[in-house]
Student: 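Following this message is one structure expressed as structure tokens.
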Amino acid sequence: MPLIFNEEQRLLKDTAKEFLNSNAPVEALRKLRDEKDATGYSTELWRQMVELGWASIILPEAYDGLDFGFMGLGAVIEESGHTLSASPLFSTVVLGASTLILGGNEQQKQDNLPAIAAGELAFALALEEGSHHDPAAVKLSAEQNNEGYILNGKKTFVLDGHSADKLIVVARSSGEAGCTDGLSLMLVDANATGITRTRTIMADSRNAANISFDNVQLSADDVIGEIGQGFSILDPVLDRARIAMAAEMLGGAQECFDRTIEYLKEREQFGVKIGSFQALKHRAAIMYTELQLSKSVILDALSAIDEQRADTNQLASLAKARLNDVYQLVTNEAVQMHGGIGVTDELEIGFFLKRARVSMQAFGDSGFHRDRYATLCGY
Amino acid sequence: MPLIFNEEQRLLKDTAKEFLNSNAPVEALRKLRDEKDATGYSTELWRQMVELGWASIILPEAYDGLDFGFMGLGAVIEESGHTLSASPLFSTVVLGASTLILGGNEQQKQDNLPAIAAGELAFALALEEGSHHDPAAVKLSAEQNNEGYILNGKKTFVLDGHSADKLIVVARSSGEAGCTDGLSLMLVDANATGITRTRTIMADSRNAANISFDNVQLSADDVIGEIGQGFSILDPVLDRARIAMAAEMLGGAQECFDRTIEYLKEREQFGVKIGSFQALKHRAAIMYTELQLSKSVILDALSAIDEQRADTNQLASLAKARLNDVYQLVTNEAVQMHGGIGVTDELEIGFFLKRARVSMQAFGDSGFHRDRYATLCGY
Amino acid sequence: MEALQQFRATTREWLEANCPQSQRQPATREEQVWAGRNKTFPSDDAKIWLEKMSAKGWTCPDWPAAYGGGGLGDEETKILLEEMKSLGCRKPLLDIGIWMLGPALLEYGTEEQKLEHIPKIIRGDIRWCQGYSEPGAGSDLASLQTRAEDKGDHFLINGTKIWTTNADKADFVFCLVRTNTDAIKQKGISFLLIDMETEGVSTSLIELISGESEFCQTFFDNVKVPKNNLVGELNAGWSVAKSLLKHERKLMSEMGELPGPGFSPAQAAQKYVGLNNDGKLKNAALREQLTQHEMDYRCLGLTHFRTFEERINGVADSNVPLIMKYVGTEEQKKKDGLLVALLGSQGIGWEQGESFTADEILSTRSWLFSKALSIAGGTSEVQLNIIAKRVLGLPDA
Amino acid sequence: MEALQQFRATTREWLEANCPQSQRQPATREEQVWAGRNKTFPSDDAKIWLEKMSAKGWTCPDWPAAYGGGGLGDEETKILLEEMKSLGCRKPLLDIGIWMLGPALLEYGTEEQKLEHIPKIIRGDIRWCQGYSEPGAGSDLASLQTRAEDKGDHFLINGTKIWTTNADKADFVFCLVRTNTDAIKQKGISFLLIDMETEGVSTSLIELISGESEFCQTFFDNVKVPKNNLVGELNAGWSVAKSLLKHERKLMSEMGELPGPGFSPAQAAQKYVGLNNDGKLKNAALREQLTQHEMDYRCLGLTHFRTFEERINGVADSNVPLIMKYVGTEEQKKKDGLLVALLGSQGIGWEQGESFTADEILSTRSWLFSKALSIAGGTSEVQLNIIAKRVLGLPDA
């Protein structure tokens, strides 16, 4: 249970920090937004990230990977939270590569993992169908026919779904909505016949898509893992996503906090620095303690993935619930403590507030994860 | 919807305040505690309260009552929260008299209400069987036999049960634990054969009892209302209890708050009054706002009873949940803001802290009432 | 009492006869009628309704009849509002001249100023905006820098104001300006009325985190203002401003009344989260939050009613209104935050279209805008300082 | 690494050979062994266990062997504690001499003082208590009034100390006393060791809201103290005290380790609230609170481990330990409050008997006692001030 980054991971983190500050600061996200960029991220930036090896951090060496694990990837993703850098890293690597690593057959791995490592393939996970995270609620149907399976249904809130090359679609091959049995994971070309993608621009200036599947024909080889047994792969993939998202949220919250503390030291009101007001001091100190506790849980959760610990699911829910709450607290306080300028678009704090809201919603809100944690603990 | 006390009620309140401050301050409760008083309240004090008419405030004039309603009784009870005065007022009048007024037949009213008005009869409601408020969970059985009904079972947390003359026992005459159908209210002599009462001294230095019923024989005339239909009386009685208890809690919270504000103005640390520390100021201001909101809801809830409004049940849950939370907040803050002396038995703040805890538990904690409120509102 | 019952009866009769049917439902944002020199009406009915109401002075029912107001007492005003509410009549006119400037002008203005401005406010002829805050000043209003130099027959204004809501649409601004730079902060400030059409006045919109914004920055570049536009004594504008701030804070505490998404949190919960078989909201944590909010919101409403009752009955506690800005805006923030949480991924969209409905987008934007409520018009921190000092009497540091 | 593995192996072997079976489970309050001149052992095994451990210096494993300590490094100490935990070995000896005075004496004491006191602490020959606070001083420690007059060959002490935990059972007290009344607050304070058997020292117990109490008030009435009992420089006791406070705050943040009721919140929830058919706690609000607590508590534990890991690996962030007193005590308060809420009416009894079990009464009393945790040893407010100043660098008012 290493609760600290090792030398290698610290190096990776420092490099990421330097690179992102120079190449993808919050200002870059503002530019993508204001220019209504069609892709939603800079392909040039992504190429550079790939060159730095980020797309291959968690991949096994056999598939051109670095095999640095989630401690390594988490270190990079935490840094990307500081700068709110948009890239396909999360969807393609945390979601896409993880699914293939955990559930793909040799052919699927060979076909996709080296391409991911080379930055040639972008993935998205098409899971949600309602407005709240609920993996078991899937209704999109995968009916067996002579040629394989045929997909019908709709997906919503598919992160980076508009720009992905391939989709991993969570489909129901048997059972009823509400059951985890009968779910299947399908590897689908994002431009396959019958697929309609509608880009949805989200409040955080990132992108998602609503996707409809109208008689999309797949072959039997497109199934990842066993048919009907998809949840056994999906669940650990989602836990990785929750933990990685929480790592990003920690970076964002820390950045927002640091900026606020700086402001408290600079800004004067009534002839004194506002950071000298005790009420603000105490609120700042409380935020600091929350961030320190959060840091511990992110480190433990990342190492739980790498060590394949049985309590990874508990830690995923713990990390996501906590960072949901802490990111919300810190961004709300940051806006309030910045006062009038805090609610203008000119200041970058608003970008963190919006990113916090969207990331809180992705892969389960706090209620979802406290309920899950309690159930996992038997009460 | 009178959200203010009228002239008559204000007079009643002022008189109560003066009387209780002179005759039953917190010091009196300490004395009862330290002397391990067998009754748990001063019978002489109760006689004086009866002379002031408190036992008859809500009784109809036909039964020697004043018919001042719950706005009047609430005004007095709120004051008793300031002084933590122990008396049978709550158990006998709010619980006992209300049950008879709402559900008793003419004979039962004649037999009991004038005696209550005269201070000659003390009542207790024997309801709970588990450690959490749950009226539907009653299992104590009332089996019909030739002579009427025979009671078997156990009750716990019966407020003032050790000193009551008569008990109103919630029994199950049919149906299963968990159903509100099949509950019956039984009027029982507290010293009847088969009844064993064990006094339980509570943390707030008030008294309750655990009571066991072993083949207690009742006549058919001892049923209040229809057999099996007791919940239709019990539910509004409990709402009165919740609202009256919340009124007492408001008084206690207000008192504790006032004492704390005084302390903040007197106490010096680091060469200045601690009330000048902004963090404490803000916390004090927030408590003030919570108390003001609480005051509004108590007034509306009391008048809802008197006006027999359909939303009395909602207001009961609203008032009780809110005052649970506010009394807890204020007493916790009071202890903390008093510092070291706040945790000594010498200071009276501890008595409020303990009373808050016990009254939070009686007639439903905040979770119970938020759940009930939500259900009443249809979500 | 009989006179009041009589008043209620005739009021109801008049409203039924004069309020067009189309004006008997809540106004959407597009249907609101704001004051102004060149105001446009969304419909003929809206024009008729304003004319009828302003003719009786009922756009400002409790203002003196001498200046065109309704001349009603507190209890009559309450009855009028109750009857309007019961018929569903919408407000015929919106303007901060009604909510803020008018009451202050009635208290501090000269007879000439009252005769000039009050009737126009009542009729909606002039749209007002407010110029208090300045860039960098924040909560410390008194540190303002906008200069008004005495040039004999006029003042010459130079400086800039921020958060001047709807300044781009307003005809007049009431302003705090510095008329004495030697005096300590509050002592050298005066209260001026400035016509927005005067040469040298310009405005620019501020973009907020919620996107669209009604806030402006207003610039004064050698603006000449007649001396009789000074309200109150020279260098004593702070008293006028404080009196006005009370009204602003009351206004902020009632912001919940502004048009928002077409569903309440409880409705959104049922629609977006859904109920279990036992009739309870599916997500227990959201159910707790929703219930807590609904309870607190009800208490807030009851407290509004209570202060009103107390005032009517002559037992007003002047301290209670001081909490309303704080509680009202904090609760509104919670409500808007709860709403987007209930909407889930439908509450984080940015652009209306096939993926997000107008109400959903409005929810997201309202949530972001709500962050300004506890900052504008006195931050929550300033409000708590005021409660601690004025109500609780806690000592200064 | 190999040396450490070797150490782990031999340590385990030694523990297995030397720790009596009866000492391999958590100690109840009655089974604890506290230091003292006239200490009594609850069992022969407890006596044997202490003798074995103190002979190796392992009651204070990381103290210098020269004074009888274990002489272990950080990593070895960690291994010893891990192995003790894994076998379930209880602590052989409890004393604030070990937790607080010892480390300060090693830093500030003279060679003579170390030789006199350290070995006795390690063997448990002397029970220590602490005399910092004074009636009315509260968080403002430096305002203390207890005088120590220089009488040539000794100090003469007059005054009183409050919150002197277990002073009635202690053999020695370490005290802050004022040795210069002219200097400003902190500058005139010295750190003294006083034998409780000296003439003029007396104690009385303080009753707390939780009833029973280990807190005393200690009185000094013309008490003569030898000059060589001064630790550190004259009038420089404040530095010794500050160094000690760090240890006290660390201690307070770990108070959760003290014996409490024999059920965890999760166990109490299952027993007193019960589960629905779907395996969820019946009261949804209590379930939320319980889960929130369990999550936060786990994060707190992980943070303890993290600071340890960081220290071992030479990348310690000296700021993090500063939060532990605040978070630890606040979380403990929440835990104890949650526990009584889960117990319902069984969590509000006052006297054990047929109605309430010992664990239930202990829950009530622990909840009340927990209110002192965020006050004693530096209030939460003082802790937050320290974090704001020392960690965040926010300016003074």
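Keep in mind it's a predicted model, so treat the numbers as computed, not measured. First the proteins, then the strands, lettered A, B, ... as listed; each starts at 1.
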Student: Output the distance between atom CD1 (A:I286) and atom CD1 (D:I323), rounded to the nearest 0.5 Å.
Tutor: 12.0 Å
Student: Please flag which part of A:D371 lies under 4.5 Å from any non-hydrogen atom of chain D: side chain, backbone, both or neither.
Tutor: both
Student: A:Q314 versus chain D, heavy atoms under 4.5 Å apart: side chain, backbone, both or neither?
Tutor: side chain
Student: Any non-hydrogen side-chain atom of A:C377 less than 4.5 Å from a side-chain atom of D:E294?
Tutor: no
Student: Where does A:A319 contact chain D at under 4.5 Å (heavy atoms): side chain, backbone, both or neither?
Tutor: neither
Student: Side chain from CB out, backbone as N, CA, C, O: work out which of these in D:Q270 comes under 4.5 Å of a heavy atom of chain A, or both, or neither.
Tutor: side chain
Student: Against chain A, label D:N276 side chain, backbone, both or neither, depending on which of its atoms sit under 4.5 Å from a heavy atom there.
Tutor: neither
Student: Could you check if a side-chain atom of D:V315 sits within less than 4.5 angstrom of a side-chain atom of A:F5, using non-hydrogen atoms only?
Tutor: no
Student: Using non-hydrogen atoms only, which part of D:V391 is less than 4.5 Å away from chain A: side chain, backbone, both, or neither?
Tutor: side chain
Student: For D:E330, which atoms come within 4.5 Å of any heavy atom of chain A: side chain, backbone, both, or neither?
Tutor: neither
Student: Any chance the side chains of A:S296 and D:R298 put a donor and an acceptor closer than 3.5 Å?
Tutor: no
Student: Is it the backbone or the side chain of A:R10 that comes under 4.5 Å from a heavy atom of chain D, or both, or neither?
Tutor: side chain
Student: Is it the side chain or the backbone of D:D278 that comes within 4.5 Å of chain A heavy atoms, both, or neither?
Tutor: neither
Student: Determine whether A:Y288 and D:L384 make a side-chain contact, defined as any pair of heavy atoms from C-beta on separated by less than 4.5 Å.
Tutor: no
Student: Among D:L302, D:V327, D:V320, exactly one meets side chain to side chain contact (heavy atoms under 4.5 Å, CB included) together with A:L293. Which residue is that?
Tutor: D:V327
Student: Less than 4.5 Å to any heavy atom of chain A: does that hold for the side chain of D:L275, its backbone, both, or neither?
Tutor: side chain
Student: Would a 4.5 Å heavy-atom cut-off, applied to side chains only, mark D:M295 and A:Y373 as touching?
Tutor: yes
Student: With chain D, which of A:L315, A:I274, A:L299, A:V272 has the greatest number of heavy-atom pairs at distances under 4.5 Å?
Tutor: A:L315
Student: Can you tell me how far apart CG (A:L3) and CD1 (D:I312) are? Round to the nearest 0.5 Å.
Tutor: 12.5 Å
Student: Got a sec: does the NZ of A:K265 have more than 12 other heavy atoms crowding it under 6.0 Å?
Tutor: yes
Student: Would you mind reporting whether A:H282 and D:I387 have side-chain heavy atoms less than 4.5 Å apart?
Tutor: no
Student: Taking atom CD of D:E381 and atom NZ of A:K281, what is their separation to the nearest 0.5 Å?
Tutor: 14.0 Å
Student: With distance as the sole test, does D:R287 use its side chain to make a donor-acceptor pair with the main-chain N or O of A:A374 at under 3.5 Å?
Tutor: no
Student: For A:R370, which atoms come within 4.5 Å of any heavy atom of chain D: side chain, backbone, both, or neither?
Tutor: both
Student: Evaluate the side-chain proximity of A:S276 to D:D396: yes if any heavy-atom separation is below 4.5 Å, no if none is.
Tutor: no
Student: Please evaluate residues D:R306 and A:D300 with respect to the criterion salt bridge (charged side-chain N to carboxylate O under 4.0 Å, His left out), reporting the C-alpha separation (whole Å), side-chain torsions for both, the decisive distance (0.1 Å), and the verdict.
Tutor: CA-CA 9 Å; D:R306 175 163 70 87; A:D300 195 42; over 6 Å; no
Student: Between D:L281, D:L322, D:N319, which shows the greatest number of heavy-atom pairs under 4.5 Å with chain A?
Tutor: D:N319
Student: If I compare all heavy atoms of A:G275 with all of D:L394, which pair ends up nearest, and what's the gap?
Tutor: O-CB, 3.6 Å
